[in-house]
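Take a look at the structure below.
Computed from a predicted model, the values in this text were never measured in an experiment.
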Amino acid sequence: MENKLSNEDKKNLFLINSFNKRVKIITYIYQFELFDEKVNVNEIFSNNDLNNFEVQTLTIIQNKYVLFKNLIIKALNNAWIWERLQPLIRAILLYGLYELFINEPKVVINEMVNITKIYTIGDEYKLVNKVLDTLLKTNQISFETKK
C-alpha cells in the first residue's frame, strides 16, 4: 500500500523545508554577526556541510555584505545604530534583504517577521518588518522585474 501525500501535505512540507533553509542560513550569518565579523564562506564551508544553494546564497551575502549593511543602516534612519542591534536581528535583516531580490517581498517580510518572533523576545519583529518594508520601498526592489 503506497502512502501518498495529499496536496496540502506537500504544500506544508515545502513550507517547512523553506523555513528550515532560511533558519540555517540565518544561523550561519548570525555566527559572524555575534563577533562583529563579515560573513566568510570559506570558514563556514570548512566547518560545515553546505549544499550548492547555501554556498551560493552565502557567497552573494559575503560579496554584498558592505552594501547590504549600508542599505540597512540607511533604512534604520538614525533610529537605531547597527552595532546596537542584536546580532540575530542583523543576521535576519541581512538575509531578508538578500531574499527581497529573489522572492516575493510579502512572503519574505512575513517569513523574516515570523522567524524573529520565534527566536527573539519582545517587539524586535516590528523593527524587522519596518526595516525590510523601508528597504523594499526606498530601493525599488521588485520581485516582478527579477523573473
Side-chain angles (χ1 to χ4, degrees), residues 5 9-147:
L5 294 174
D9 289 340
K10 289 177 185 177
K11 178 182 173 188
N12 288 335
L13 188 59
F14 172 78
L15 293 173
I16 290 168
N17 287 336
S18 296
F19 176 85
N20 289 337
K21 286 178 190 177
R22 287 179 171 112
V23 169
K24 186 176 181 184
I25 292 173
I26 288 169
T27 300
Y28 290 132
I29 299 168
Y30 169 70
Q31 292 171 356
F32 286 91
E33 287 301 314
L34 198 56
F35 298 102
D36 293 320
E37 296 178 3
K38 183 179 170 190
V39 174
N40 183 331
V41 175
N42 291 330
E43 192 174 320
I44 297 170
F45 193 67
S46 67
N47 297 322
N48 300 281
D49 291 328
L50 300 175
N51 64 36
N52 246 1
F53 171 77
E54 294 164 346
V55 170
Q56 289 174 347
T57 299
L58 290 165
T59 299
I60 292 168
I61 293 170
Q62 172 185 291
N63 293 340
K64 301 290 184 187
Y65 182 85
V66 173
L67 173 63
F68 284 6
K69 179 180 171 181
N70 288 335
L71 287 171
I72 293 166
I73 289 170
K74 186 177 177 185
L76 290 168
N77 196 21
N78 296 326
W80 284 89
I81 298 170
W82 176 259
E83 293 77 15
R84 292 205 50 210
L85 292 175
Q86 294 178 29
L88 181 57
I89 299 301
R90 295 192 311 244
I92 291 169
L93 289 171
L94 287 163
Y95 183 67
L97 177 55
Y98 161 78
E99 271 223 10
L100 285 175
F101 287 102
I102 62 168
N103 285 322
E104 173 63 43
K106 288 180 183 179
V107 172
V108 172
I109 292 172
N110 186 54
E111 280 293 299
M112 296 306 114
V113 165
N114 287 335
I115 290 169
T116 305
K117 286 179 179 179
I118 291 169
Y119 291 101
T120 65
I121 298 171
D123 292 342
E124 283 84 1
Y125 70 92
K126 292 178 182 178
L127 175 71
V128 169
N129 185 48
K130 181 179 180 184
V131 170
L132 292 176
D133 190 55
T134 299
L135 287 165
L136 181 64
K137 290 176 181 172
T138 59
N139 293 296
Q140 291 81 41
I141 298 169
S142 172
F143 176 69
E144 290 75 28
T145 60
K146 294 173 269 179
K147 288 183 181 178

Original post:
Can you name the one residue among Leu94, Leu34, Thr57 that meets side chain to side chain contact (heavy atoms under 4.5 Å, CB included) with Ile29?
Top reply: Leu94

**OP:** Kindly determine whether Ile44 and Val55 satisfy side chain to side chain contact (heavy atoms under 4.5 Å, CB included), including the steps that lead there.
**Re:** CA-CA 9 Å; Ile44 297 170; Val55 170; over 6 Å; no

**OP:** Please test Leu71 against Leu67 for side chain to side chain contact (heavy atoms under 4.5 Å, CB included), starting from the C-alpha separation and ending with a verdict.
**Re:** CA-CA 6 Å; Leu71 287 171; Leu67 173 63; 4.1 Å; yes

**OP:** Measure across Ile26 and Ala91 and return the closest heavy-atom pair with its distance rounded to 0.1 Å.
**Re:** O-CB, 3.8 Å

**OP:** Using atom types as modelled and distance alone, determine if a side-chain donor or acceptor of Asn40 lies under 3.5 Å from a backbone N or O of Glu43.
**Re:** yes

Original post:
In Å, rounded to the nearest 0.5 Å, how long is the span from CD of Gln56 to CG of Leu50?
Top reply: 11.5 Å

**OP:** Mark yes or no for whether Asn70, through its side chain, and Val66, through its backbone, hold a donor-acceptor pair below 3.5 Å.
**Re:** yes

Original post:
Taking atom CD1 of Ile81 as the centre, does the number of heavy atoms from other residues, nucleotides or ligands within less than 6.0 Å exceed 12?
Top reply: no

Original post:
So, for Gln62 and Val41, which heavy atoms are closest and what is the spacing to 0.1 Å?
Top reply: OE1-N, 2.6 Å

Original post:
Could you walk me through whether Thr134 and Asn77 pass the side chain to side chain contact (heavy atoms under 4.5 Å, CB included) check?
Top reply: CA-CA 10 Å; Thr134 299; Asn77 196 21; over 6 Å; no

**OP:** Evaluate the side-chain proximity of Leu127 to Leu76: yes if any heavy-atom separation is below 4.5 Å, no if none is.
**Re:** yes

Original post:
In Å, rounded to the nearest 0.5 Å, how long is the span from CZ of Phe32 to CG of Leu58?
Top reply: 9.0 Å

**OP:** Assert yes or no for the condition that the ring centre distance of Tyr65 to Phe68 is strictly below 6.0 Å.
**Re:** no

**OP:** Measure the spacing between CZ of Phe35 and OH of Tyr30 and express it to the nearest 0.5 Å.
**Re:** 8.5 Å

Original post:
Does the pair Tyr98 and Lys64 meet the rule for a side chain to side chain contact (heavy atoms under 4.5 Å, CB included), with working shown?
Top reply: CA-CA 9 Å; Tyr98 161 78; Lys64 301 290 184 187; over 6 Å; no

Original post:
More than 12 heavy atoms of other residues, nucleotides or ligands under 6.0 Å from NZ of Lys74: is that the case?
Top reply: no

Quick one: side chains of residues 82-90, donor-acceptor pairs under 3.5 Å with protein atoms, not counting sequence neighbours, listed by atom name and distance.
residue: Gln86; atom: NE2; partner: Glu124; partner atom: OE2; Å: 2.9
residue: Arg90; atom: NE; partner: Glu33; partner atom: OE1; Å: 2.6
residue: Arg90; atom: NH1; partner: Leu85; partner atom: O; Å: 3.0
residue: Arg90; atom: NH2; partner: Glu33; partner atom: O; Å: 2.5
residue: Arg90; atom: NH2; partner: Glu33; partner atom: OE1; Å: 3.4
residue: Arg90; atom: NH2; partner: Asp36; partner atom: OD1; Å: 2.9

Original post:
Is any side-chain heavy atom of Tyr28 closer than 4.5 Å to a side-chain heavy atom of Val39?
Top reply: no

**OP:** Measure the OG1-CG distance between Thr138 and Asp133 for me, rounded to the nearest 0.5 Å.
**Re:** 9.5 Å

Original post:
Does the side chain of Asn20 reach to within under 4.5 Å of the side chain of Lys24, using non-hydrogen atoms?
Top reply: no

**OP:** Taking side chain to side chain contact (heavy atoms under 4.5 Å, CB included) as the test, write out the residues that go with Asn51, two or more places apart.
**Re:** Phe53, Glu54

Report, one line per pair, each donor and acceptor closer than 3.5 Å where one atom sits in a side chain of residues 109-120; sequence neighbours left out.
residue: Asn114; atom: ND2; partner: Asn110; partner atom: O; Å: 3.3
residue: Thr116; atom: OG1; partner: Met112; partner atom: O; Å: 2.7
residue: Thr120; atom: OG1; partner: Thr116; partner atom: O; Å: 2.5

